[in-house]
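What follows is a single structure, written as structure tokens, with notes after it.
Whatever order the structure lists them in is the order used to number ligands and atoms, beginning at 1. Nothing fancy with the numbering, it's 1 onward along the sequence. What you see is a predicted model; the values in this text were computed from it and never measured.
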Amino acid sequence: MINVIFIILLIRSGIEILSAHPKLYTNDNAVDGKEWLKFTKKKMPEDKLWTSTDEETRFSSWVALPGGSNLGLGRHWHFFSIVFWVGNGMAYYLLLFATGLWDTLIPTSWSVFPQALNTMLSMATGHLPPLGNPFDPAQQLAYAGVVFVLGPLLLLTGAAMSPSVDARFPWYPRILGGRQIARSIHFLCLIGVILFIILHLTLVVVDGFTFNMANIIFGGGDVSLAVATGLFLLYFAVVISTNVWATEQSLSRPRQIQVGLGKVIEPIRHALFRRAISRQDFKESEISPYFRVNGRPPDTDEYRELVKDSFSSWRLRAYGAVERELALSLDDLHAMKKETQITEHSCIQGWTAIGKWAGVPVSFLLGLCRPAANARYAVFHSLSYGERDEYGHGDPTREYYEVIDLELARHHQTILAYEMNGKPLPIEHGAPLRLRVETQLGYKMVKWLRSIEIVEDYRKIGEGQGGYREDVQYYGIGASI
Ligand SMILES: Nc1nc2c(c(=O)[nH]1)N[C@H]1C(S)=C(S)[C@@H](COP(=O)(O)O)O[C@H]1N2
Ligand SMILES: [Mo]
């Protein structure tokens, strides 16, 4: 019962996440037009700059949670539900083995396969075989498949989509065929789960309904048709009202839902991924021929002036809780310690690309400005502003900024890049300088940098959620998964 509630929340929020990048690929270059499956009719223009925000679609709240293109809250529901679904699943495994009931699920002889085939053939011809207790071979295979194959596979492919997991263990997504293959498998498992639910419900109703309902709720016996129907409807009512409530709350009080679910998710995310340090070192030959853009270059006179004088008057400021303020030109940065890395970029929406970045480690700059003892976060301010998308989301009046904690800022692959793929950083990718934090999702990596502010607390900045996308799009402060 509890399991069903979380599975439905997981399915619906998963569909929401898919809507942010409704394309599935067979390799990590994720080239537009080369997807093997897509759920959008939009075509990207060939003659002008488009961004991955333009590729988003939206699904109705009837199928997606919360629906209407809200990736931030979709993810919050997904991760919140996973915590409970995994907890529930572990309790189930424990019970299954502790009570010795596992052999009702796990086939103990190869003969289940021909037997299952027999059952399916007779079902296909309209004859319902006697199902029930103990499980029929076909049923046994279906349940064992879900419990021991589909469930674990969903978790394994889900983990392979975490930029922190992939950065720390670059071999892991490779054994699955890469992050985009993992994403595709994750999607196929979703289809499997939906099919299983339909099959399961059909069998419960069609085959020995009164007996099944008694069995599911009371663990045995039999009940009258009226009681069985009542229980069945009650079951549905609980699942549906939970979903209606979650959807309605997300649409009417998005900030509260973001903050509320975040209280469960963030401590777990932090504990799991805090120690993940990027060990990525892709080969030159793996660099993607094509690297998407997200976020448009600043549409301001200030930026146009900077471009005109080739950024010679641009300075990177470092200020706040520091012993020494900095104002560095591009030449100053070029003269400092240089770090080069070939890494995979994972955008929260779902696309990936491999690129080579070079620039100054943030830790080196922190060494120069020396944060005060109470300082905990680095705020990266941009020369750019947010943008409003076609669904009305986004805020062009707000500065783009993002917060990371100083621990993350000191990782050796956290750099301020002035070079991409061996050339000066292109304008659309963040010239003159952008942040790279290789264990995090793309939205943390502020482009067109203006300054770095060292703070003790970020809650007084913007809406206090830890970044432009957190403030405006309800993304999480943590970007490790
Ligand atoms: N200033 C600014 N920086 C930004 C963004 C933005 O909109 N504005 N988008 C972020 C997101 S969501 C991603 S995925 C990456 C994309 O980097 P790219 O355009 O170089 O691929 O930039 C990040 N940095
Ligand atoms: Mo992104």
When you measure from [atom] to every protein heavy atom, which one gives the shortest distance, and what is it?
atom: atom 3 (N) of ligand 1; answer: Lys447 N, 3.0 Å
atom: atom 7 (O) of ligand 1; answer: Arg469 NH2, 2.8 Å
atom: atom 23 (C) of ligand 1; answer: Gly442 O, 3.3 Å
atom: atom 14 (S) of ligand 1; answer: His345 NE2, 3.3 Å
atom: atom 24 (N) of ligand 1; answer: Met445 O, 2.9 Å

Can you confirm if the aromatic rings of [Y] and [X] lie within a centre distance of less than 6.0 Å?
X: His429; Y: Phe291; value: yes
X: Tyr401; Y: Tyr385; value: no
X: Phe196; Y: Tyr143; value: yes

Atoms of ligand 1 close to [X] [distance to a heavy atom under 4.0 angstrom, numbered from 1]:
X: Arg292; value: 18 (P), 19 (O), 21 (O)
X: Ser384; value: 1 (N), 2 (C), 8 (N)
X: Arg434; value: 15 (C), 17 (O), 18 (P), 20 (O), 22 (O)
X: Ser382; value: 1 (N)
X: Trp351; value: 14 (S), 21 (O)
X: Phe291; value: 21 (O)
X: Gly295; value: 6 (C), 7 (O)
X: Cys347; value: 14 (S)

Quick one: look at [X] and ligand 1, take heavy-atom pairs under 4.0 Å, and tell me if it's side chain, backbone, both or neither.
X: Tyr400; value: side chain
X: Lys444; value: neither
X: Arg296; value: neither
X: Tyr468; value: neither
X: Tyr385; value: neither

Item to complete: Consider every N or O of His429 and every N or O of ligand 1, then say whether any pair is closer than 3.5 Å.
Response: yes
Discussion item. Distance to the ring centre below 6.0 angstrom and angle to the axis at most 45 degrees; does that hold for Arg269 and Phe273?
Written reply: no
Worksheet item: Does NZ or CZ of Arg434 lie under 6.0 Å from the centre of the six-membered ring of Trp357, at an angle within 45° of the ring axis?
Response: yes
Worksheet item: With no hydrogens and no angle check, is any side-chain donor or acceptor of Asp471 less than 3.5 Å from a backbone partner on Glu463?
Response: yes
Discussion item. Whether the side chain of Thr242 engages the backbone of Val238 through a donor-acceptor N/O pair (distance < 3.5 Å, no angle test) should be reported.
Written reply: yes
Item to complete: Could you tell me how the ring of Tyr303 sits relative to the ring of Trp448: parallel (under 30°), tilted (30 to 60°) or perpendicular (over 60°)?
Response: perpendicular
Fill in: Ion pair check, Arg274 and Glu407, cut-off under 4.0 Å
yes
Discussion item. Please determine whether a side-chain nitrogen of the Lys or Arg among Lys42 and Glu55 lies less than 4.0 Å from a carboxylate oxygen of the Asp or Glu.
Written reply: no
Discussion item. Is a donor from one side chain sitting under 3.5 angstrom from an acceptor on the other, for Ser329 and Asp331?
Written reply: no
Worksheet entry | Residue pair Lys356, Glu286: steps toward the salt bridge (Lys or Arg N to Asp or Glu O under 4.0 Å) verdict | CA-CA 10 Å; Lys356 178 169 154 183; Glu286 292 173 296; over 6 Å; no
